[in-house]
Amino acid sequence: DILSKNNRTEKDEIELIMYMSIWYGFLYVVIEGWRKLELCDDKIDNLLQDTNKVNLLKRYRNGVFHFQKKYNDSRFESLFLDDEIVLWVRELYKAFGQWFIERLKQYKKSP
């Protein structure tokens with residue numbers, strides 16, 4: 001299992017970081033869309049008030065999706081220095097997921 005620390009290879013570590021980076025990058029794209037569409041949800045909006053974490057995620061996304069001459073760019077490193085970022089990302093991801101599930105349920109109910 002790739003998530004098990006006991007059996008992880010260097011290749012597994014690289015893949016984990018790659019998938020996490022893509023996930024984090026796409027999550028920021030969802031934040032951009034949320035704001036541009038002026039959508040509202042108390043839980044999501046509350047999480048997005050943490051401008052430091054939102055900015056870290058934006059910088060990380062830019063580092064992931066734009067060419068970097070230096071592999072260990074500060075945009076990557078600064079995100080990992082925030083001890084709470086993983087929990088915040090998970091909460092935001094769950095809140096977006098719940099919001100979209102509710103919209104889908106409403107859509108299916110409408111004529």
Side-chain angles (χ1 to χ4, degrees):
D1 177 48
I2 195 171
L3 296 178
S4 173
K5 288 185 177 184
N6 297 336
N7 301 323
R8 253 190 241 160
T9 65
E10 186 176 345
K11 179 182 176 278
D12 292 337
E13 292 286 338
I14 291 168
E15 287 182 2
L16 281 171
I17 292 170
M18 178 186 69
Y19 293 128
M20 186 210 73
S21 296
I22 292 168
W23 177 38
Y24 280 23
F26 286 149
L27 183 60
Y28 185 77
V29 173
V30 174
I31 293 170
E32 283 183 315
W34 182 265
R35 289 177 167 171
K36 285 186 180 181
L37 294 173
E38 298 179 355
L39 300 172
C40 298
D41 176 81
D42 290 342
K43 183 161 180 91
I44 293 170
D45 295 338
N46 186 47
L47 288 162
L48 294 180
Q49 285 182 6
D50 191 334
T51 56
N52 185 45
K53 287 190 179 31
V54 172
N55 288 335
L56 282 173
L57 199 59
K58 179 181 181 179
R59 286 175 42 87
Y60 193 81
R61 184 278 316 258
N62 290 344
V64 169
F65 292 119
H66 299 283
F67 171 75
Q68 308 304 321
K69 286 184 182 180
K70 182 179 170 194
Y71 183 75
N72 288 324
D73 189 278
S74 67
R75 287 173 278 200
F76 300 123
E77 294 169 353
S78 59
L79 180 114
F80 293 118
L81 293 175
D82 185 325
D83 294 335
E84 299 172 357
I85 195 76
V86 172
L87 296 175
W88 179 84
V89 164
R90 284 184 184 167
E91 285 299 310
L92 183 60
Y93 174 76
K94 287 193 303 189
F96 274 130
Q98 188 61 44
W99 188 88
F100 282 108
I101 287 169
E102 291 302 319
R103 297 297 84 63
L104 185 58
K105 286 178 185 176
Q106 291 175 4
Y107 177 77
K108 286 182 176 182
K109 288 180 184 178
S110 65

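All values below were derived from every heavy atom in this structure, side-chain atoms included, with hydrogens, water molecules and symmetry-related copies excluded. All residue numbers in this chain count up from 1 along the given sequence.
Placement of Leu79 and Tyr19 within a single hydrophobic cluster is found when ILVMFWY residues are connected by side-chain heavy-atom separations under 4.5 Å, directly or transitively. Connection of Leu39 to Tyr93 is established within a shared hydrophobic cluster, with ILVMFWY side chains joined at heavy-atom distances below 4.5 Å, either directly or through further cluster members. Taken together through direct or relayed side-chain contacts under 4.5 Å among Ile, Leu, Val, Met, Phe, Trp and Tyr, Val30 and Val64 form part of one hydrophobic cluster. With hydrophobic clusters built from ILVMFWY side chains whose heavy atoms lie under 4.5 angstrom apart, Leu37 shares a cluster with Leu27. In the hydrophobic clustering of this structure, Leu92 groups with Met20; members are Ile, Leu, Val, Met, Phe, Trp, Tyr whose side-chain heavy atoms approach within less than 4.5 Å, directly or through other members.
Smallest separation of non-hydrogen atoms from Trp88 and Leu47: NE1-O, 3.0 Å. Scanning all heavy atoms of the two residues, the minimum distance from Gly25 to Arg61 falls at O-CG, 3.3 Å.
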Inset, instruction - Carefully, step by step, assess Gln106 and Glu102 under the rule side chain to side chain donor-acceptor pair (under 3.5 Å). - result: CA-CA 6 Å; Gln106 291 175 4; Glu102 291 302 319; 5.4 Å; no
Legend entry - Test side chain to side chain contact (heavy atoms under 4.5 Å, CB included) applied to Gln98 and Ile44, step by step: CA-CA 10 Å; Gln98 188 61 44; Ile44 293 170; over 6 Å; no
Legend entry - Residues Leu48, Lys53; criterion side chain to side chain contact (heavy atoms under 4.5 Å, CB included); working and verdict: CA-CA 8 Å; Leu48 294 180; Lys53 287 190 179 31; over 6 Å; no
Inset, instruction - Walk me through it: do Tyr28 and Val54 pass the test side chain to side chain contact (heavy atoms under 4.5 Å, CB included)? - result: CA-CA 8 Å; Tyr28 185 77; Val54 172; 3.9 Å; yes
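No donor-acceptor pair closer than 3.5 Å links the side chain of Asn62 to the backbone N or O of Arg59. Not a single donor-acceptor pair under 3.5 Å links the side chain of Asn46 to the backbone N or O of Asp42.
Within the 4.5 Å cutoff, the side chain of Asp82 has heavy atoms near those of the Asn52 side chain. Glu91 has its side chain within reach of Lys43: a pair of non-hydrogen atoms, C-beta onward, lies under 4.5 Å apart. With contacts defined as side-chain heavy-atom distances shorter than 4.5 Å, the pair Phe96/Asp41 does not qualify.
The number of heavy-atom neighbours closer than 6.0 Å to CD of Glu10, taken from other residues, nucleotides and ligands shown, is 12 or below. Applying the 6.0 Å contact sphere to CD of Glu32 captures more than 12 heavy atoms from other residues, nucleotides or ligands.
Here Asp45 contributes atom CG and Trp34 contributes atom CH2; the two are 6.0 Å apart, rounded to the nearest 0.5 Å.
Annotation: cation-pi geometry satisfied between Arg103 and Trp99 (NZ/CZ under 6.0 angstrom from ring centroid, within 45° of ring axis).
In summary, the aromatic rings of Phe65 and Phe26 are positioned with their centroids under 6.0 Å apart.
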